[in-house]
Each structure stands twice: as C-alpha cells, then as structure tokens.
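One is the number of the first residue; the rest follow in order along the sequence.
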Amino acid sequence: MDFQIEIGRTKVRTGKNAAATAAPRWLAGVRAGSARAECAPTTPPRLRPPWPGLSPFRVADRTRLFGRTREIRALAAHFDRSGDGRAPVACLIGDSGAGKTSLVMAGLIPALFAGTDHRHTWIRIDPPAMGEADSWVEAVAAGILRRTEGREDDRFDAEGRLRQFGMLWRQDSPEAAAEYLASCWRRDHGAGARCLLILDPFDPVLSRDGAGSVVRLLDDLSLTGAFSVLVVMRSAHLAAFRQVAGSAGVPDWGRPFRVGRPAARWIGRFLSASPDFRMGESGRRVDPALLAEGEREIARFPGLLPFFSQFLSDLALRNPGADWLKDPAGGWEPSMKALLVRAGNAAVAEFDSEMLRDALSRLIEALPLPDDASDESPSIRWSELVATGDEGLRRLVEALIEARILLLNGGEKREARLSWAWPPGVKAWAPVREAEVERYRQMARLEQFREAKRRWETDRRSVVRLLHASRQIDDARTWLAAHARQPCLEGDLVAYLEESVALDDRIRQGGRVRERRRRATKFGLVAGAVVVLLLALAAWF
C-alpha cells in the first residue's frame, strides 16, 4: 500500500481511503513517502505555483530540474547498492542557493524510488527549531517511528515506541537504540524494505553540543543495513562536519558529493517556460525581453535566481489567462525589491529592534553595500566575521543566509565568504536604509575627529585644539568604547581621542575641585555668620 505523510499540514493520507488526522507533536518537521505516490501531484495543477520561487523543488517538480543528469546518476548509483552489511552514506555539499535540496527532492528521489513498491521509501527530516543535539536524535527516531494508517489491529503506539527508544539511548547504548529502530522498521515494512534518511539542512547540528552523538546514531543506523543516510550541508561547514565525525569515532563517514551552481543555459531554460494544465506541453511562456533582463541581472548576482523565480510565479498567478508573461507596468525591479523586503522582514521578525539595528550596523560596516553601478557584490571572510564573538551579529547572519539575502560560498569555513545576494534589493529594506544612514552619520563624525586632529597638529599640538566640547567628547567616548569591543579606528586617531578624553577629564575634575572649594567657602561664610549671630544674641541676653 503506497503512503504519503505530509506532517507539515498535520494530515496523514494513506492508500485509497485517505484520512485526515492530527499529527503527533513530535512528528513536526518529518516528511516521508514513496516517490511513486508523490510523483502523482496531489494538488490540482491550477493551484500550484508555476515556478517554485524561494521554495525548493518537490518530487512532483522532477520535470523542471534541468542540467543535473550527471549529479543524479552519481548519487543514484551510490545509493542503489544492494547486499548485506552497511547501507550507503553520503554528504551532499554545495554553496548556499546552489540547489542542493531541489537536486535531492526532484532528482535523486525519483531516480531511486519511482516505479518501485511501497517498501522502498524515504524520510526527510528538517532540523528542530533551535534544537540541541538530543532533539535531533529524537527527530530522527520520530521520523522512523512515524504513524501509518492501516487496519485497526495493525496500528502501533508510536509515542510508546519513541519512549522505548529514549530509554535504550540513554540507559543502554546507541547501537541497541539503532537496532531497535531497525527492528521496528522491518516489522512494519518488511525485511527487505529500504529507507533513505535525508537530513536537510544538517548545518545547524554542527554548532550544538553533542553533535557527535547524532552522527553516531546515523552511523549505527547505516550499520543495520536498513537505512541509507544523506546529509545535506553548505560547503563552508564540511571541515566542521569532519571534526564532529572524528569526535564520534568515524572520521571518514559519508562520501562527499559536491553540487555547483547550474549553468546559464539551464537557468534560461528553467525561467523561459512553466508547465500549465491548460496548455499541454507548451506551458506558459515568458516574454523574451523580460527573460533577457532577468538573465542579465542573474548573471551579475546569481543569488537573485530564486527571487526572480518567485516574481515570475506571482506574475503568472496575477494574470491567469495570459499565455505570455510580460514586464508589468512600472517594471520588474520594484516587485523584486518587495519580495526581498518581505523575506528580510520575515527573517528578523523575532529580533529585538535595538539589537537588530546594532547588528545590522556592524554587518554593513564589515560588508558594505556596493553602489548600483557595481557588477558584483563585495564579500568578506566568514571566519573574520565570526571571530569577533559577536553573538547578535552571528544570529543575524545565519537568519539572513536562511532567507537567501546573504550567500555563504566557499569550500571550507576559513575560506568561505559572505556576500549580498542582490544589493539593490537589500538597499530597499528599511532596516538597512536606517543602518546606512547611521553609518554615514558616524563616518561624518569620524571625519570631523580627523580634521580636528589635523588642526591640532598644525597648531603644534596646542592644548586648546584637543577635543573638549561636550558633544564631540561624548561621541569620542562612544567611539573609544566601540573600539575597545572591536577595533575599528587607526592607532594615531585612538591616541588623539584618548588624550582629548583625558584632557576633558582633567578639565571636569578641575571644575569639580573649584566647585567644591566654592561650596566650602560659602558654607564657611554662612557658618561663621551664624556663629557671630549666636554670640551676639548670647551677649544681649
């Protein structure tokens, strides 16, 4: 019996008699099914977006995946191995936005499972939100022990099995826990059932304590022979993954498969037309002029591709009767900028406004936005940014990478570089505009400091030329405090500002001493007058 579980919609459908039931809490983020079931679209074509946009391909989008034949064949050959012993394990790595998830869902899964029986299946597990390593272990177990709909007397208590797994994991051994999962799987799906576990993305687990335990569980599951494993991550995290695997005792675990960005001709073919149930094989076409503009901008900024895909999808849904999609009134660029603004707002929705402003200012200081005439986006080493230990900045960067606003490209973390996906769109985002205005104000203040320093040196370092006006001194203290947290000023300017602040402190200290003396004198005069008055009164009486 074929089955498909769509936990994201809290519905479970199985066989011919589809039933909708509430999914258990611990199944959130688990997607599973046989490719044969999913390759037949369950959603009417007219309701599905013509282009995938910011979302990756699904299994049903397999006909839209172009230019990946070699990668699909290599992955399928690796996972199609049969026989006893360890099941195949692989690591799919590539730059952000290279299409790793789309390759797995619309390429590998159909190649492996389309046309096979229901016992050959796959499970994709999303990372638990901000979860520690233990929650990853639980998510893997929950995906394997998912609820299936069959005869009433064949249903099992999935939550009870999950508790049993937890006891074995904590009190016995990882090997025993993995064998328990394998025995449950074989009991429910047959001794010859094959399952591909897909953990996508795997990057977040690498920064959690106990990440090695997750790799250890996956390794033990592959040793049972019942579960092949595919972990998907960005190239920049490969070195960290190897370190985690080494700590788990399996330093060479997982054969690496690298995925590059699709070639320009495949991008053009993907954008030029979209399947449409009304038009048969011809599909919905894009006006050549609009397509040329999009391809030209994507050539400048490859990270723009998913946003342009979303733009075409929105344009098609707004014009359902149009056979050709043309440049809308006002041009495509405002709509594209609006898409990026929405993505940015969603990425930082949970950030405190003050923290967001400060983190964005520091990010733009490290990674400035280019002018509109630039043909490329500046980049910065990822290692240089995270080496500051700035937790707020790190959280912001990770959120913007997930939202496709920042790109993380490179083979290893020490060489990986961050860049803006589409600078013109980023500049339209209100928090960035505000941060840039604040940065320009700060740079103007710094230039005033430098000009004051030049005048001071011209006047033979006269004391009166040192900064001691209230506003300038307050700004100087702020800059010196920021420089102490993260160096950002040249040494001679630091020395000038420190001397200015020291002079201001002496002036203020001198003023305080004079004020104390004045008060003491005034108090003495008043006290003396009171004493004289008291003596006079005493003499009178």
Side-chain angles (χ1 to χ4, degrees), residues 51-55 95-99 261-262 264 267-268 270-271 286-316 318 325-349 351 356-357 359-380 385 396-409 417-441 443:
W51 279 267
L54 298 174
S55 301
D95 292 342
S96 56
R261 294 188 180 277
I267 293 176
F270 163 69
L271 294 175
V286 179
D287 181 71
L290 176 59
L291 182 62
E293 288 186 31
E295 289 181 318
R296 184 165 53 250
E297 195 69 5
I298 291 169
R300 293 175 61 199
F301 303 107
L304 184 65
L305 175 59
F307 290 99
F308 198 80
S309 172
Q310 185 67 51
F311 160 72
L312 291 179
S313 182
D314 293 346
L315 186 61
R318 289 198 302 267
L325 298 181
K326 298 183 179 180
D327 201 351
W332 59 272
E333 193 167 347
S335 298
M336 293 284 292
K337 290 180 178 179
L339 286 172
L340 190 137
V341 167
R342 287 204 300 269
N345 289 336
V348 301
F351 279 70
L356 173 62
R357 183 173 59 253
L360 262 178
S361 295
R362 293 192 293 274
L363 176 59
I364 294 175
E365 177 71 25
L367 184 60
L369 287 160
D371 56 48
D372 294 337
S374 176
D375 286 335
E376 60 181 18
S377 182
S379 64
I380 184 176
L385 201 62
L396 175 64
V397 168
E398 289 181 352
L400 295 183
I401 290 174
E402 290 300 320
R404 303 177 184 269
I405 293 175
L406 279 175
L407 300 180
L408 178 58
N409 301 324
R417 303 190 74 86
L418 278 172
S419 61
W420 297 106
W422 190 42
V426 177
K427 287 185 176 182
W429 189 25
V432 168
R433 290 202 307 269
E434 294 169 3
E436 277 205 305
V437 169
E438 177 63 18
R439 179 171 175 265
Y440 290 146
R441 189 197 70 80
M443 297 306 294

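- One distance of note links CD of Glu293 with CD of Glu333; it measures 9.0 Å at 0.5 Å rounding.
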Does the side chain to side chain contact (heavy atoms under 4.5 Å, CB included) test come out yes or no for Leu360 and Val348, once each step is laid out? CA-CA 11 Å; Leu360 262 178; Val348 301; over 6 Å; no
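- Contact of the Leu407 side chain with the Ile401 side chain is not registered, since no non-hydrogen atoms from C-beta on lie closer than 4.5 Å.
- At least one side-chain heavy atom of Leu312 sits less than 4.5 Å from a side-chain heavy atom of Val286.
- Contact record, Lys427 with Arg433: O-CG, 2.9 Å, taken as the closest heavy-atom pair.
- Ring pair Trp332/Trp422 is parallel by interplanar angle, where below 30° counts as parallel and above 60° as perpendicular.
- The closest side-chain donor-acceptor pair between Trp429 and Asn345 falls under 3.5 angstrom.
- Here the closest heavy-atom approach between residue Ile267 and residue Pro262 is recorded as CD1-O, 3.8 Å.
- Annotation for Arg404 and Gly97: closest pair NH1-CA, 4.2 Å, computed over non-hydrogen atoms.
- Between the CZ atom of Phe311 and the CG atom of Leu340 there is a distance of 14.5 Å, given to the nearest 0.5 Å.
- Within the 4.5 Å cutoff, side-chain heavy atoms of Leu305 are placed close to those of Leu271.
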Check the pair Val426, Ile405 against side chain to side chain contact (heavy atoms under 4.5 Å, CB included), reporting the backbone distance first and the verdict last. CA-CA 8 Å; Val426 177; Ile405 293 175; 4.0 Å; yes
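- Put simply, the side chain of Glu295 does not reach to within 4.5 Å of the side chain of Leu290, judged on heavy atoms.
- Applying the side chain to side chain donor-acceptor pair (under 3.5 Å) test to Glu434 and every residue at least two apart in sequence or in another chain returns nothing.
- For the atom pair CD (Gln310) and CG (Leu304), the distance works out to 12.5 Å, reported to the nearest 0.5 Å.
- When all heavy atoms are compared, the tightest approach of Phe307 to Met336 is O-SD, 3.5 Å.
- The two residues Ala347 and Ala403 have their closest heavy-atom pair at CB-CB, 3.6 Å.
- Distance OG/Ser309 to CZ/Phe270: 3.5 Å, rounded to 0.5 Å.
- Glu365 has no carboxylate O lying under 4.0 Å from a charged side-chain N of Arg362, or vice versa, which leaves the two without a salt bridge.
- Interatomic distance, Ile298 CD1 to Arg261 CZ, rounded to the nearest 0.5 Å: 11.0 Å.
- When all heavy atoms of Pro424 and Lys337 are compared, the pair lying nearest together is O-CE, 3.6 Å.
- Counting heavy atoms from C-beta on, the side chains of Leu408 and Val397 never come closer than 4.5 Å.
- You'll find the side chain of Asn409 reaches within 4.5 Å of the side chain of Ser96, heavy atoms only.
- Taking OG from Ser313 and CZ from Phe308, the interatomic distance works out to 12.5 Å, rounded to the nearest 0.5 Å.
- By the 4.5 Å heavy-atom criterion applied to side chains, Leu367 and Leu406 are counted as neighbours.
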